[in-house]
Amino acid sequence: MAALLLATRSSAEEAVCAPVAKVPLERYLRQLSLDLLGRPPTIEEYRAYQAKGSVSEEDIRQMMSSEEFYERMRDYHHALLRSNISASVNDNGDSRLSNSGGEFVHDATKGTKRYEPYELRGNTSTAVRGVNGQGCDTLILQSACGAGGRPLQDPHADDLTVEACYDEMGVPLPVSFDYDTNFYACERLDATNANITSCDASMLRLAGKEEKYGYFCDMRWLASDRKLHPYLCKPDPNKNTTGALTQEIMNAAGTKVVAFAHPNPPTGTSLTRLDRCTLEQPARNGVKGTYAPQRGCIQREGVEKRPAPFFHADPAAQVAVCAVEAQERTSNPWTMESCETARFSRDRTCGCGPGMRRCEVAAVHTARVAAINEEPSRITDSVVRNDEPYFNILTTRRSFVNGTLSEFYRQQQGVGIFTVTSPANPDLIPSIPYTQPTTWQEYTRDSHHSGVLTTPSFLYRFPTQRARVNHFYEAFLCKTFVPSSDPLPPPEDNCNRENNLAKKCGCSYCHATIEPTGAHWGRYDERNALFLNPERFPRLDPKCRDCALAGDTNCGGECSQYVMQAYDGDGANSLGMLKTYLYRTPEEEANIQSGPQLLVERMLQTGDLERCTVKRIWHEFLGRPMTTEEQRLYLQQLSEDFSRSNYSLKTLIQKLLMTDAYRRID
């Protein structure tokens with residue numbers, strides 16, 4: 001019976017394989033060339049192999065030593081890792097500089113100059129200048145503002161302005177203002193009479209306007225004719241918010257209107273008064289060093305001249321920069337709040353920093369995203385090219401930087417958009433000029449790094465611990481997480497009230513694996529690429545714990561990484577603890593300390609990594625997954641060959657391309 005069974009099984013295998021003939025030499029060569037090199041063979045290659053009569057393993061090895069093959073493998077790994085963070089980086093333009101940074105003369109005969117400065121025009125302009133999207137005054141040089149009296153666009157407001165162009169700490173003050181058309185209806189005074197050239201009393205009379213409204217006149221630049229024009233502004237009568245501001249508040253002399261107010265504001269009215277615009281900026285909430293632009297007013301500072309920023313084509317050039325953006329402080333000189341966070345663009349005292357490293361232009365952001373996307377491909381390319389053990393792509397500390405990333409890491413650029421910890425001491429990162437984006441150099445990252453799994457590309461593309469686990473399982477273990485089909489327990493079951501997903505009913509089926517595995521990324525912050533260094537982020541921070549116990553969940557903004565509120569008993573016992581340690585067992589805490597390297601080592605012991613790699617390479621080169629029959633015939637043998645070759649990807653590919661299954665493709 002045993003002999004008969006064996007004979008029958010052998011006959012079945014032959015029935016599957018024997019009738020299918022191998023493709024001809026020319027077809028086989030074409031398959032190999034397309035799959036390995038991404039192109040069909042040349043006529044010369046066809047003739048050479050026809051003369052030889054076959055394609056050998058050595059021939060395949062030779063193909064895999066070409067740049068075309070390495071490019072093919074870079075594309076493969078780029079797709080495997082989904083290396084594209086374009087949609088993963090929070091870039092709403094608040095750190096994006098506008099304009100060219102040059103200077104030009106509009107009217108050479110009059111010597112009139114207007115600058116085209118680098119300036120921030122994002123949402124943060126509201127906090128700096130009063131209105132979203134507003135830049136500085138491009139006609140006035142801030143540093144010359146106080147020389148011989150202020151050269152103001154709005155001299156009719158001199159009675160309430162100060163002579164200084166900077167406050168006591170050197171922070172630039174406004175040099176001109178415009179009334180905000182979100183609140184005011186503004187009439188151009190010289191629209192029908194070109195002789196009206198300013199906002200003084202004689203010009204108002206010439207325009208047929210009452211002099212008492214003189215404080216509500218401003219000079220504003222029109223790009224259409226590149227000139228300043230006088231406008232008289234009053235609260236917009238057609239808007240619900242300003243139409244009721246009909247009461248005119250006069251100055252002490254009773255000669256000029258200084259404010260428009262609601263004569264009888266009902267309870268809950270948010271806008272009851274609009275005061276005349278000036279060049280003074282009151283402190284926000286009374287805190288000196290913070291600035292609150294006056295409501296209804298656009299208050300602009302002037303322009304400074306500065307050395308070219310890091311991204312400029314001519315490093316020796318002098319460029320025009322708005323005075324606020326031109327500042328280089330690391331902290332607010334009044335409040336000592338850091339300028340090295342996203343808040344720098346809302347703080348009038350900070351600026352873009354040395355070399356304007358905290359700000360960017362569109363091309364800089366594009367270059368950074370492209371370089372971050374390419375880094376994992378560089379790592380995988382070096383492993384494949386050197387025929388190293390394939391899973392070094394998941395564990396190596398080796399990486400690469402080009403000019404874009406070198407400057408990014410060494411100068412700590414990208415504040416407010418990218419939150420990335422420098423992968424090594426900046427002094428140990430190769431120094432490559434920003435202007436050399438195609439020059440890549442190798443270096444060694446800090447000890448906590450683990451191949452592609454800790455690159456900014458992977459961390460940003462998969463922004464949470466759970467997302468990182470999910471993609472690791474999918475890409476390298478060929479496994480996916482599927483919810484259980486078992487019925488849920490009744491609502492009154494205690495497991496429904498669990499905050500720990502590894503224990504919560506309906507969730508534990510997957511999260512009992514996801515949570516402890518995610519702990520391997522526990523020292524990498526979520527939604528960015530910040531490494532939570534134990535020296536800076538200890539497991540337990542007493543300051544955060546004390547704040548939490550006192551009910552201060554903000555704690556000066558320094559404890560966002562820590563448990564500051566309790567939602568269950570575990571949370572109550574974990575106040576002041578780094579969030580990643582919440583609900584962790586001792587084994588999971590070891591995973592946090594060891595990082596992704598330990599995860600890779602464990603998966604190598606199970607054999608899942610090599611089996612998945614065989615399946616993925618099979619799919620890549622045959623264009624479809626392994627069938628059940630093919631897994632029975634080939635998976636174990638190819639996996640063993642892969643392991644015996646010290647996980648050489650080239651050897652795996654070579655063995656696969658010599659199988660009957662590949663050579664039977666038609």
Side-chain angles (χ1 to χ4, degrees), residues 85-86 88-104 115-125 128 133 135-136 138 303-330 339-342 344-345 350-375 378 400-423 426-427 429-441 443 456-457 460 529:
I85 67 165
S86 298
S88 304
V89 180
N90 180 22
D91 173 31
N92 58 10
D94 288 346
S95 299
R96 180 70 52 79
L97 292 163
S98 302
N99 297 335
S100 63
E103 174 188 329
F104 57 91
Y115 301 93
E116 191 74 10
Y118 288 116
E119 57 188 355
L120 298 177
R121 284 180 168 269
N123 298 311
T124 52
S125 293
V128 176
C136 60
T138 60
V303 176
E304 299 276 21
K305 289 187 177 180
R306 286 288 186 269
F310 70 91
F311 49 80
H312 199 275
D314 181 7
Q318 289 280 314
V319 299
V321 185
C322 285
V324 167
E325 283 84 329
Q327 298 171 102
E328 300 181 347
R329 296 183 182 86
T330 57
C339 291
E340 297 300 328
T341 67
F344 85 87
S345 58
C350 288
C352 290
M356 302 191 74
R357 64 177 178 81
R358 287 194 286 259
C359 300
E360 64 179 27
V361 292
V364 171
H365 185 80
T366 301
R368 285 175 179 157
V369 169
I372 289 173
N373 287 343
E374 187 170 347
E375 183 188 5
R378 292 275 169 174
F400 301 82
V401 291
N402 63 350
T404 306
L405 289 182
S406 174
E407 288 282 294
F408 178 64
Y409 292 138
R410 295 175 66 252
Q411 302 299 327
Q412 300 175 1
Q413 297 172 350
V415 175
I417 295 181
F418 295 92
T419 304
V420 179
T421 303
S422 178
D427 295 334
I429 293 176
S431 178
I432 309 172
Y434 175 82
T435 53
Q436 297 181 15
T438 60
T439 300
W440 289 83
Q441 291 185 25
Y443 74 107
S457 175
Y460 265 112

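Remember, it's a predicted structure, so these values are computed and weren't measured experimentally.
- Here R306 contributes atom CZ and M356 contributes atom CE; the two are 9.5 Å apart, rounded to the nearest 0.5 Å.
- Between F344 and G351, the closest heavy-atom pair is CD1-O, 3.3 Å.
- Residues L405 and W440 form a side-chain contact, since some pair of their non-hydrogen atoms from C-beta on lies under 4.5 Å apart.
- Contact of the F418 side chain with the V369 side chain is registered, since non-hydrogen atoms from C-beta on lie closer than 4.5 Å.
- Separation of atoms CD (E328) and SG (C350) is listed at 12.5 Å; rounding is to 0.5 Å.
- By the side chain to side chain donor-acceptor pair (under 3.5 Å) test, S86 is found to be paired with N84, residues two or more places apart in sequence or in another chain being considered.
- Looking only at distances, no side-chain donor or acceptor of E374 sits under 3.5 Å from a matching main-chain atom of A371.
- Among all heavy-atom pairs drawn from C136 and P117, the shortest one is SG-CG, 3.9 Å.
- Side-chain rings of Y434 and H312 stay apart, their centers remaining 6.0 Å or farther from each other.
- Between T438 and N402, the closest side-chain pair of non-hydrogen atoms is not below 4.5 Å.
- At distances below 3.5 Å, at least one donor-acceptor pair connects side-chain atoms of S406 with backbone N or O atoms of P430.
- Nearest heavy-atom pair across F400 and R378 is CE1-O, 3.5 Å.
- Counting heavy atoms from C-beta outward, Y118 and C359 have side chains that stay 4.5 Å or more apart.
- Remark: side-chain polar atoms of N373 are paired, donor with acceptor, to backbone N or O of I85 under 3.5 angstrom.
- You'll find the ring centres of Y409 and Y443 outside the 6.0 Å limit.
- For the atom pair F311 CZ and Q413 CD, the distance stands at 9.5 Å (nearest 0.5 Å).
- Checking side-chain atoms of R357 against main-chain N and O of Q412 turns up a donor-acceptor pair under 3.5 Å.
- When the options L120, V128, V303 are evaluated for a side-chain contact (heavy atoms from CB on, under 4.5 Å) with E325, the one that passes is L120.
- Minimum heavy-atom separation, E304 to A326: CB-CB, 4.0 Å.
- Taking 4.0 Å as the cut-off between side-chain N and carboxylate O, R358 and E340 count as a salt-bridged pair.
- The shortest side-chain heavy-atom distance between Y460 and V420 falls under the 4.5 Å cut-off.
- Distance check, rounded to the nearest 0.5 Å: CD of E360 to CD1 of I417 gives 3.5 Å.
- Side-chain contact between V89 and H365: present, with at least one pair of heavy atoms (C-beta onward) separated by less than 4.5 Å.
- The OG1 atom of T435 sits 12.0 Å away from the CZ atom of F310 when rounded to the nearest 0.5 Å.
- The main-chain N or O of C322 is never found under 3.5 Å from a side-chain atom of E119 such that the two would form a donor-acceptor pair.
- In this structure, R121 CZ and L97 CG are separated by 11.5 Å, a value rounded to the nearest 0.5 Å.
- The two residues V415 and A342 come nearest to each other via the heavy atoms CG1-N, 4.3 Å.
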